[in-house]
Amino acid sequence: MTKGQDMEPRQEQALDAAKLYYLGGLSQGDVARRLGVSRPTVSKLIQTAKDLRYVTIDVHDPREVTSDLGDQLAERFGLEEVRVASGPADPVGPLEELGRVGAGLLEDLVRDGELLGLSWGETMWAVGRHLQPTTRDDVEIVELKGGVPLQPKRTREYETMSLFCAAFNAYPRTLHLPVYLERVETMRALEAERQVQAVLQLGRRTSMAAFTVGPIALDATLFTLDYFSPAEREHLLRRAAGDICSRFYDDTGQICLPDLDARTVAVPLADLRRTERRVCIAGGRSKVRALAVALAAGYVTHLATDAAAAQGVLEYSARHGLGEG
């Protein structure tokens, strides 16, 4: 550990602020007055103390499964971190608990200057509702896929982006486009537009991506938005294992329907796989197949899930020979 006399002034001030706040029980306003700085500066100093590991916080929540399931998933699929929320083993999954755990994971991972790619959907909206404001600078959040629906149904695209930007004091880079187009020619024309091209290129070089996986079912969000022809719908129901950022993959993790994929306004899965930190937040038994295949295909480095999905993925992957176990 760094000796006191070797500390930089900023480090000493961060340690003083943390001791007053955590040990002295003072409010951030009181700490600001004691140190003669502004309240926002105190917030930054406390975050600096956390980043330097002068402060570590352990919350022992009996509702969370710590980790035998998480450890097994991490080992089987070579994941960097897994957090597992407890909750009732229902088909939909406990979105509030999952949102809370996913938010905590993202708060720990997002750095200053982050270029964060973001998907949308009910799960990501639940995560956004649980995010706490953090002290981060120069964060940009890039939509990884279009989100304008053909039907008057809410995709939570705008709400999710707003919640994430507010939490990380971030600048939004949005894609105000449908996620699927009817013709490849339209897709090529849009990709040539400078503003659209800029956002798509940012999506391809994000330092971190946050997304969920979608199950294959008639009541799944993408199947209720009237995007697909009858033939496409039938093909996806028969052959797809799941979707990431509205790009459908089969049981080998490869693109399931190339014609549809060519008309999809979203980050390509090959580019997503090259992103440094790929945070998947997905739970519920309905997503077991989609999640197991995504993990085996290497689309995920960090995972937030629930106990029902974690157990289901381990069982599914054992039956189908997925992962290293």
Side-chain angles (χ1 to χ4, degrees), residues 73-74 76-83 101-121 123-124 127-128 131 134 136-147 157 160-161 163-165 167-168 170-175 177 179 191 196-214 241-250 252-256 261 264-282 287 290-305 313 322-323:
L73 284 171
R76 186 173 193 100
F77 295 104
L79 304 176
E80 294 184 25
E81 184 172 1
V82 179
R83 299 190 188 183
V101 172
L105 177 58
L106 290 174
E107 288 164 5
D108 288 345
L109 289 174
V110 172
R111 309 164 179 165
D112 288 344
E114 195 81 72
L115 186 60
L116 171 64
L118 180 64
S119 183
W120 51 257
T123 298
M124 301 311 298
V127 172
L131 286 171
T134 60
R136 297 289 183 272
D137 294 319
D138 302 320
V139 175
E140 292 185 59
I141 299 182
V142 186
E143 279 191 317
L144 293 177
K145 64 176 183 175
E157 173 203 9
T160 302
M161 175 64 85
L163 290 167
F164 271 72
C165 285
F168 295 114
Y171 183 82
R173 301 282 191 172
T174 55
L175 274 173
L177 295 168
V179 69
E191 287 179 325
V196 175
Q197 187 181 75
V199 178
L200 291 174
Q201 288 178 348
L202 283 174
R204 290 184 172 97
R205 59 182 182 84
T206 54
S207 51
M208 178 175 164
F211 56 91
T212 188
V213 298
D243 83 88
I244 294 174
C245 295
S246 298
R247 293 191 183 271
F248 288 92
Y249 51 89
D250 61 21
T252 68
Q254 301 302 308
I255 293 300
C256 178
D261 197 69
T264 302
V265 182
V267 63
L269 293 187
D271 291 318
L272 178 69
R273 193 189 269 119
R274 288 191 286 268
T275 302
E276 178 189 354
R277 282 159 293 140
R278 307 179 295 280
V279 184
C280 180
I281 301 156
K287 292 191 175 184
L291 183 54
V293 174
L295 293 173
Y299 292 125
V300 180
T301 59
H302 297 72
L303 174 65
T305 188
V313 166
L322 301 178

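Excluded from the calculations below are hydrogen atoms, water molecules and symmetry mates; all remaining heavy atoms, backbone and side chain alike, are included. One-based numbering along the sequence shown.
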* Asked: Within a strict 4.5 Å, meaning less than it, do heavy atoms of the Thr174 and Val199 side chains meet?
  -> no
* **Any donor-acceptor pair under 3.5 Å from Tyr299 side chain to Arg278 backbone** => no
* Please name the pair of heavy atoms, one in Thr160 and one in Gly121, separated by the smallest distance, quoted to 0.1 Å. => OG1-O, 4.3 Å
* To do: Considering non-hydrogen atoms only, spot the tightest contact between Leu131 and Ala167 and give its length.
  => CB-CB, 3.6 Å
* **Closest non-hydrogen atom pair between Val101 and Ala304, with its separation** => CG1-CB, 4.3 Å
* Is there a donor-acceptor pair closer than 3.5 Å between any side-chain N or O of Thr305 and the backbone N or O of Ala282? -> yes
* Quick one: does Leu116's side chain get under 4.5 Å of Ser207's, heavy atoms only? -> no
* To do: Mark yes or no for whether Thr123, through its side chain, and Thr212, through its backbone, hold a donor-acceptor pair below 3.5 Å.
  => no
* Ignoring hydrogens and geometry, is there a side-chain-to-backbone donor-acceptor pair from Arg247 to Val265 under 3.5 Å? -> no
* Run the side-chain contact (heavy atoms from CB on, under 4.5 Å) check on Met208 and Val110 step by step: do they pass? -> CA-CA 8 Å; Met208 178 175 164; Val110 172; 3.9 Å; yes
* How long is the span from the CG atom in Leu144 to the CG atom in Leu175, to the nearest 0.5 Å? -> 8.5 Å
* Asked: Under 4.5 Å between any side-chain heavy atoms of Val196 and Leu177, yes or no?
  -> yes
* **Side chain to side chain, Leu303 and Glu81, heavy atoms closer than 4.5 Å** => no
* Distance in Å, Ile281 CD1 paired with Leu105 CG, rounded so as to fall on 0.5 Å steps -> 6.5 Å
* Asked: Okay, side chain of Lys287, backbone of Val213: is any donor-acceptor separation there less than 3.5 Å?
  -> yes
* Asked: For Gly113, does its backbone N or O pair with a side-chain atom of Arg136 as donor and acceptor, under 3.5 Å?
  -> no
* For Ala241 against Val293, the heavy-atom pair lying closest together -> CB-CG2, 4.0 Å
* To do: Would you check if the side chain of Tyr249 reaches a backbone N or O of Ala290 as a donor-acceptor pair within less than 3.5 Å?
  => yes
* Yes or no on side-chain contact (heavy atoms from CB on, under 4.5 Å) for Leu79 and Val82, after CA distance, side-chain angles and deciding distance? -> CA-CA 7 Å; Leu79 304 176; Val82 179; 3.5 Å; yes
* To do: Decide, yes or no, whether a salt bridge links Glu143 with Lys145 under the criterion of side-chain N to carboxylate O below 4.0 Å.
  => no
* Measure the OG1-CG distance between Thr264 and Asp243 for me, rounded to the nearest 0.5 Å. => 9.5 Å
* Asked: Rounded to the nearest 0.5 Å, how far apart are CG of Leu269 and CD1 of Ile244?
  -> 6.0 Å
* Asked: Would Arg277 and Glu114 pass as an ion pair if we require N to O under 4.0 Å?
  -> yes
* To do: Report yes if the side chains of Val300 and Phe211 come closer than 4.5 Å at any heavy-atom pair, otherwise no.
  => yes
* To do: Would you check if the side chain of Arg205 reaches a backbone N or O of Asp271 as a donor-acceptor pair within less than 3.5 Å?
  => no
* Asked: With a 4.5 Å limit on heavy-atom distance, are the side chains of Val127 and Leu106 in contact?
  -> yes
* Roughly how far apart are Arg173 CZ and Ile141 CD1, rounded to 0.5 Å? -> 12.0 Å
* To do: Grab the two heavy atoms, one from Gly253 and one from Ala297, that are nearest each other, plus how far apart they are.
  => CA-CB, 4.0 Å
* Structure fact -> Value for OG1 (Thr134) from CZ (Arg111), rounded to nearest 0.5 Å, stands at 14.0 Å
* Asked: Checking Asp112 side chain against Asp137 main chain: does a donor-acceptor pair fall under 3.5 Å?
  -> yes
* Structure fact -> Heavy-atom nearest pair, Met161 first then Pro172, reads SD-CB, 3.9 Å
* Apply side-chain contact (heavy atoms from CB on, under 4.5 Å) to Val142 and Leu118, showing your working. => CA-CA 6 Å; Val142 186; Leu118 180 64; over 6 Å; no
